[in-house]
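Here's the structure, in structure tokens; my notes come after.
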Amino acid sequence: MTMTTNDAGSEALRQLYQTLILDHARDPHGYGLPDDEPAGGAGEARETAAHPWCESHQVNPTCGDEIRLRATVADGEDGPVLADVRWAGSGCSISQASASVMCDLVVGHTLDEVGAVARAFRAMMHSRGQDEGDEDVLEDAVAFSGVSRYPARVKCAMLGWTALADALYQSRPEALRATDLDTIRQEEHR
Amino acid sequence: MSATTAGAPRTADDPLDAAELTRIRADFPILAQKVNGHPLAYLDSTATSQKPDCVLDAVREYYETHNAGVHRGAHTLANEATEDHEGARDRIARFIGAAGRDLVFTRNATEALNLVAYGVSNASAGRGGDAAARYRIGPDDEIVTTELEHHANLVPWQELAARTGATLRIVPVTDEGLLDLDAAAAVIGERTRIVALAHVSNVLGVVNPVRAVADLAHAVGALVVVDGCQSVPHFPVDVTELGADFLAFSGHKMLGPTGIGGLWGRTELLDALPPFLTGGSMIETVTLEGATWAPPPQRFEAGTMPTAEAVGLAAACDYLDAVGMPAVAAHERGLTARVLDGLADIEGVRVLGPADAAERIGAVSFAVAGVHPHDVGQYLDDAGIAVRVGHHCAQPIHRRFGVHASTRVSTYLYNTAEEVDRFLDRLASVRAFFGADRTTR
């Protein structure tokens with residue numbers, strides 16, 4: 001077998017798989033669902049006194065990406081606040097890294113603020129390379145701008161966000177109805 | 001030359017030499033294109049095959065010269081269209097050692113398998129008269145399939161069991177990916193009415209012992225339904241020797257167009273089977289109250305058939321026979337051995353299924369430690385190499401081997417050793433690119 005020097009991928013590929021993404025995929029933030037908590041059944045578990053979180057289970061059957069995500073919502077002065085996000089799953093580096101970066105961005109924020117970030121991320125994903133993302137809003141998530149040039153990977157990057165939107169909808173349907181998070185929940189789920 | 005006993009045929013035919021391979025590749029215009037700046041290395045024929053010029057020309061010529069209603073008119077063009085349609089049927093049937101009257105045109109193998117399942121279902125609901133009694137199944141009966149099936153040869157049987165109350169039983173595979181014949185002998189018994197299995201696994205690439213399974217099934221009076229999607233395109237298949245009662249295959253996997261497939265069935269079985277889709281063309285007499293059916297194969301061909309596509313598939317059969325199916329199989333076996341040898345040399349790569357090229361076709365599915373298949377596929381695509389990633393419409397067998405998804409490389413008659421080497425070379429650096437050796441999770 002001939003071993004050639006490998007250029008390790010084209011510019012587009014390196015743009016897709018930036019170091020930040022590969023680092024997050026190897027060691028994702030927010031990862032791990034405690035063993036002693038009950039599983040989420042068919043996908044969505046309602047909040048109870050025993051477990052004050054809602055869970056969503058999302059699958060991308062095309063490529064085998066899968067995520068189980070739990071969102072804990074608390075009531076705050078300015079409305080409901082996303083107190084914590086935990087998740088577990090298996091999937092490509094884009095899906096794992098995206099869920100990881102998402103956790104950094106959303107935990108501790110009001111649902112309105114979460115919705116604003118989600119909207120900006122989704123717009124970047126569907127921009128076909130035209131929108132490089134506003135770093136003030138998306139912070140590290142701008143690293144995913146390269147994904148929008150690969151339509152088959154958009155669903156991977158959206159998987160964690162879809163799960164989050166779905167879990168939040170279970171928790172606070174009135175707060176989410178007709179918001180961008182609701183749109184994500186419905187449209188990205190397809 | 002049959003491939004029904006020990007596996008893919010061991011022949012003395014020489015693999016295609018360099019000159020012939022160059023000639024063959026020149027017949028496939030799509031292979032000349034570049035992807036991401038690299039020559040396309042199309043290593044995904046198990047998903048769908050590329051088409052030679054003669055197939056494209058045959059489809060075009062049909063539309064340009066003979067297109068008209070088939071079985072529907074007395075005018076000259078209609079006669080020519082009908083002759084083309086029936087001529088294609090005979091030609092395609094001959095490719096698998098059958099007679100035209102026993103070959104039903106379908107859209108693809110999935111539809112063919114559903115046709116059998118729904119025929120049985122309709123018989124069980126009382127349709128088809130006395131002749132269909134042999135197909136009636138109910139809560140005391142069992143349907144047997146395997147854990148390596150493509151969803152097309154699993155889900156329709158799940159649904160049939162649900163509709164009729166029959167029980168679905170599963171034959172497992174060994175850790176090597178071979179069908180467990182001892183388990184099959186234990187599962188197939190007096191209650192078994194149907195045994196459905198793949199001739200070749202689209203994930204493991206392994207050739208199943210159809211004759212041995214058919215003997216078990218026939219000993220208890222069960223019908224054998226074989227999914228030939230990954231056998232008919234890749235090595236000689238002869239239904240008179242296979243042992244199957246029904247055989248399904250798809251044209252697009254054997255150099256033919258999309259939208260055409262075939263269901264072969266033994267004559268007396270097709271005669272007794274109630275139709276699946278009903279409507280025009282498959283009837284004899286229709287009143288407002290009811291209808292009588294045409295004889296097979298027309299009974300199972302409701303509505304306007306994809307005649308242009310059938311003509312294209314017939315041309316594909318001509319092309320494959322001109323190359324020679326033993327040569328196609330031998331060439332593929334050589335490339336498969338090259339793939340397997342090369343993968344064994346790459347650290348972190350685990351092949352699903354047998355490591356022996358003689359037991360399999362050119363489809364090789366594998367896992368790369370620390371790198372998800374979707375990323376592997378992206379990394380290969382960046383170098384112009386096309387493979388498939390995911391569960392390949394076979395989730396249960398992936399679960400059996402402890403993975404959610406895999407990467408699958410598949411070779412066919414138009415692939416070269418150089419393409420295989422490019423694939424191996426690129427794959428060798430994928431773990432380093434993704435830092436897989438430093439994974440903490």
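Every chain is numbered from 1, with letters handed out A, B, ... down the list of sequences. Note that these values count all heavy atoms, side chains included, but never hydrogens, waters or copies made by symmetry.
- Within residues 75-85 of chain A, no residue has any heavy atom closer than 4.5 Å to a heavy atom of chain B.
- In this structure, no portion of A/Ile21 lies under 4.5 Å from any heavy atom of chain B.
- Among residues two or more places apart in sequence or in another chain, the salt bridge (charged side-chain N to carboxylate O under 4.0 Å, His left out) test is passed with A/Glu113 by none.
- Of all heavy-atom pairs between A/Gly64 and B/Ala405, the closest is CA-CB, 4.4 Å.
- Considering every non-hydrogen atom in both B/Phe433 and A/Leu13, the closest pair reads CZ-CD2, 3.9 Å.
- Judged purely by atom type and a 3.5 angstrom limit, A/Arg26 uses its side chain to pair as donor or acceptor with the backbone of B/Phe434.
- Surrounding CZ of B/Arg107 are at most 12 heavy atoms belonging to other residues, nucleotides or ligands under 6.0 Å away.
- No side-chain heavy atom of B/His372 sits less than 4.5 Å from a side-chain heavy atom of A/Ile94.
- Taking every heavy atom of both residues into account, A/Ala152 and B/His374 meet most closely at O-CE1, 3.9 Å.
- Under the 4.0 Å criterion applied to side-chain N and carboxylate O atoms, B/Asp375 and A/Arg153 are assigned as salt-bridge partners.
- Residues of residues 120-143 of chain A having a heavy atom under 4.5 Å from any heavy atom of chain B: none.
- In this view, A/Asp182 and A/Arg185, A/Gln186 satisfy the side chain to side chain donor-acceptor pair (under 3.5 Å) rule, not counting sequence neighbours.
- Between the CG atom in B/Asp382 and the OH atom in A/Tyr17 there is a gap of 9.5 Å [rounded to 0.5 Å].
- The environment of B/Glu347 atom CD is sparse: at most 12 non-hydrogen atoms of other residues, nucleotides or ligands sit within 6.0 angstrom.
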